[in-house]
Amino acid sequence: MVHDSTDNPDDARARKPPRATATDAPPESLAPPDLDPATTAGEDEDDALLPDILEESGAVGEEPLATGHEAIERAVRLAPTSPGVYRMLNANADVLYVGKAKNIKKRLSNYARQSAPQPARILRMIAATVTVEIVSTNTETEALLLEANLIKQLRPRFNVQLRDDKSFPYILITGDHWAPQILKHRGAQTRPGRYFGPFASAGAVNRTITALQRAFLIRSCTDSFFESRSRPCLLYQIRRCAGPCTREIDFPGYTTLVREATDFLSGKSHAVKQELAGEMEKASGELEFERAALYRDRLAALSAIQSQQGINPRTVEEADVFAIHQEGGFSCVEVFFFRTGQNWGNRAYFPRAEKTFTPEEVLGSFLAQFYDDKPPPKNILLSHEIEESELLANALSIKAGHKIEVTAPKRGEKKELVAHALTNAREALGRKLADTATQSRLLDAMATTLALPHAPKRIEVYDNSHIQGTNAVGAMIVAGPDGFVKNQYRKFNIKSEGLTPGDDYGMMREVLERRFKRLINPPEESAAKAREDDFPQWPDLVIIDGGRGQLNAVREIFTNLGLTQVSLMSVAKGPDRDAGRETLFMPEREAIKLEPRDPVLYFIQRLRDEAHRFVIGSHRKLRKKDIREAGLQEIPGIGPSRKRALLHHFGTLKEIERASIADLGKVPGVSAESARRIFEYFHPQPG
């Protein structure tokens with residue numbers, strides 16, 4: 001979908017449904033700022049995790065069931081006959097279920113009838129209910145929107161829950177500068193310009209932007225960097241920018257490039273390619289072969305974009321395609337985004353739902369939550385007919401300000417798109433189930449090898465990084481039955497002032513004390529979030545990088561904190577730091593040496609390496625911040641003249657950091673020794 005924020009910025013943002021009181025839901029979180037593709041090219045796109053299967057317990061006792069019926073009957077006596085939303089709460093005031101109804105009194109009466117046959121899931125919900133809260137709305141459409149909003153925020157136990165719900169990235173061509181910039185954007189679309197998206201992932205956006213730069217030579221640098229240029233940067237030299245900063249191209253010429261890029265992203269790709277092909281033939285006819293080669297390369301870049309997009313529909317201009325597949329008690333919803341006749345990526349979701357939910361029930365609840373904070377396209381194509389498709393279409397039409405169609409196509413190209421999405425959903429769930437099974441076997445094997453009481457459901461791995469005590473940072477990564485759980489990762493900026501530079505024991509002590517003191521006495525909001533989260537907050541196994549000395553130091557910390565139920569292990573590198581020759585240490589046990597090809601050892605190496613990657617990345621971010629603030633003068637032997645020569649040669653500090661020693665040595669005035677010092681400054685070996 002294409003948005004132009006110069007018309008009305010608010011049109012591009014999803015509006016929140018009405019709330020009954022200020023206490024119904026927490027305020028919306030602040031939108032993240034614009035993202036520059038140059039700084040987020042390595043951004044991780046976390047894979048969605050399979051949720052825990054909500055197993056059905058045994059038969060519900062008559063006494064708690066009678067108590068629940070009585071609580072619902074009290075609510076029925078006071079319930080209105082108008083549309084609205086109801087919430088069922090347990091004794092701890094946790095929300096069990098959020099539902100909507102055209103007639104609240106009638107809907108609650110269905111739950112209150114003791115003689116009515118109900119599924120086991122509903123009986124368990126009724127038995128746990130202590131009170132019912134009701135919010136009236138003007139229409140059933142408002143009730144649908146409010147229900148979706150509350151489910152996403154409250155995450156009730158008995159509802160289908162959309163998990164791993166991130167905002168999607170867009171491509172923005174800015175409109176507040178005479179030389180527009182192209183960049184990746186998330187969040188509120190308030191900056192003037194044209195927005196194109198959504199794209200399924202940051203990787204898809206980055207690849208598209210890189211290809212667009214090759215095809216249309218639009219700048220990606222910030223306005224401040226643009227205004228400070230006295231000569232073109234490296235992107236101009238490698239033909240990924242037209243160089244408007246130093247007037248290598250005039251205003252009309254650059255405006256033409258921006259128009260062509262906008263037309264291409266707006267769906268006029270055929271016309272743009274024809275125009276470029278005509279210019280190439282014209283240049284070739286005039287024997288200007290260098291200019292013809294430039295047009296040839298631009299055409300090749302456009303073809304590369306379309307080849308990466310895979311399937312591109314002929315008759316579907318704008319649509320989101322949803323297909324659901326269920327297997328083994330899990331559900332997978334595959335979403336494809338089609339805008340301006342182009343495929344802008346797909347993504348698999350694994351919503352949390354009980355096994356008794358049908359595909360139609362899961363998909364219907366999923367859709368309402370999915371579009372709670374996203375602008376819907378004109379067409380929504382489904383693999384299954386959902387019960388309230390007309391109501392959902394009306395609700396989304398009101399939000400979008402134009403007609404939305406929600407259909408399950410039976411024939412033609414739309415049916416082919418749905419079938420393609422269904423195949424992807426089936427394959428994605430198959431891969432996820434296979435990965436989960438493999439992970440479970442590894443965890444079982446780890447429990448056997450290390451003599452753990454049971455297979456760990458949460459493993460925490462700790463590491464720290466610094467350069468002679470500066471920019472010290474600690475990090476924790478988390479793994480479980482579904483692999484790495486990246487939304488649980490944490491970094492710790494070392495704050496203790498009394499630490500001796502390079503005191504690894506002291507740094508680890510600070511990190512672990514901060515982590516587990518907060519776990520023992522969590523703030524109220526953290527405790528509430530932990531109750532809502534399926535994933536355990538307490539680790540079964542803690543792994544640290546180091547030998548017997550580090551293990552004893554951490555064991556002392558755990559003893560002082562009274563932690564006796566958490567297993568502890570340290571991993572010491574082998575001779576010459578060779579992978580496969582590690583030694584494992586555990587309290588009151590002999591050192592453990594596993595065979596180099598042992599899957600458990602390989603798994604432990606992966607855990608340790610992931611912690612190392614994460615902590616090094618965190619350390620480098622701190623270091624880069626210091627470098628930006630201090631400048632190149634902090635490097636011994638690099639004064640203002642060499643700094644100026646380096647910036648003139650490479651364009652940006654980031655490009656200097658990326659350069660090899662050989663490339664640095666090519667800069668006028670930079671000797672081989674200076675090049676080595678510069679390279680080592682940006683690529684140190686952390687302690």
Side-chain angles (χ1 to χ4, degrees), residues 36-44 183-184 202-203 206-207 209-214 217 219-222 225-226 228-243 245-246 248 297 300-301 304 465-468 470-471 473 576-579 609-610 612-687:
D36 188 312
T39 61
T40 58
E43 178 180 320
D44 290 326
L183 72 156
K184 180 173 64 180
N206 292 330
R207 287 191 298 271
I209 287 178
T210 299
L212 288 172
Q213 286 180 281
R214 293 193 180 104
L217 310 178
R219 72 179 179 97
S220 60
C221 59
T222 62
F225 180 81
F226 178 92
S228 66
R229 298 302 301 168
S230 59
R231 57 182 292 180
C233 69
L234 184 62
L235 290 178
Y236 174 78
Q237 306 295 338
I238 62 175
R239 295 185 177 180
R240 280 177 51 184
C241 179
C245 54
T246 55
E248 306 300 323
D297 294 342
S465 178
H466 59 92
I467 299 293
Q468 295 180 344
T470 62
N471 297 311
V473 62
D576 301 322
R577 306 173 74 92
D578 284 348
D609 293 345
E610 172 67 3
H612 193 62
R613 180 202 64 80
F614 183 60
V615 75
I616 289 297
S618 302
H619 167 79
R620 284 177 177 165
K621 286 180 182 178
L622 287 178
R623 187 169 177 81
K624 284 179 183 177
K625 182 179 178 182
D626 282 357
I627 290 171
R628 290 190 185 102
E629 292 174 353
L632 292 170
Q633 288 94 333
E634 291 296 309
I635 306 176
I638 304 300
S641 298
R642 284 180 177 167
K643 174 189 174 183
R644 190 160 47 248
L646 287 163
L647 290 173
H648 281 175
H649 185 85
F650 291 102
T652 67
L653 194 63
K654 194 173 190 68
E655 293 301 327
I656 298 174
E657 180 185 354
R658 290 173 175 171
S660 65
I661 295 178
D663 291 334
L664 292 167
K666 295 177 182 178
V667 178
V670 176
S671 64
E673 177 61 23
S674 297
R676 183 189 61 78
R677 284 202 300 266
I678 296 168
F679 183 84
E680 290 178 352
Y681 182 76
F682 285 108
H683 304 275
Q685 294 296 321

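Every heavy atom of this structure was used, including side-chain atoms; hydrogens, water molecules and symmetry mates were not.
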Between Tyr236 and Cys245, is any pair of side-chain heavy atoms under 4.5 Å apart? no
Check [X] against [Y] and note the closest heavy-atom contact, atom names and distance.
X: Pro232; Y: Thr246; result: CG-OG1, 3.4 Å
X: Gly665; Y: Ala675; result: N-CB, 3.8 Å
X: Leu183; Y: Ile209; result: C-CD1, 3.6 Å
X: Phe225; Y: Cys221; result: CD2-CB, 3.4 Å
X: Val615; Y: Val473; result: CG2-O, 3.6 Å

Sequence neighbours excluded, which residues qualify as side-chain hydrogen bond (donor to acceptor under 3.5 Å, both in side chains) partners of [X]?
X: Asp663; value: Ser660
X: Ser671; value: Ser674
X: Arg231; value: none
X: Gln237; value: none

Between the side chains of Arg613 and Glu610, is the shortest nitrogen-to-carboxylate-oxygen separation below 4.0 Å, so that they form an ion pair? yes
Could you walk me through whether Arg240 and Thr210 pass the side-chain contact (heavy atoms from CB on, under 4.5 Å) test, one step at a time? CA-CA 8 Å; Arg240 280 177 51 184; Thr210 299; 4.0 Å; yes
In Å and rounded to the nearest 0.5 Å, what is the [atom1] to [atom2] distance from [X] to [Y]?
X: Leu235; Y: Arg214; atom1: CG; atom2: CZ; result: 10.5 Å
X: Arg219; Y: Arg229; atom1: CZ; atom2: CZ; result: 12.5 Å
X: Gln213; Y: Ser220; atom1: CD; atom2: OG; result: 4.0 Å
X: Ile661; Y: Glu673; atom1: CD1; atom2: CD; result: 9.5 Å

Test of understanding: with salt bridge (charged side-chain N to carboxylate O under 4.0 Å, His left out), list the residues that count as partners of Arg239, not counting sequence neighbours. Glu290
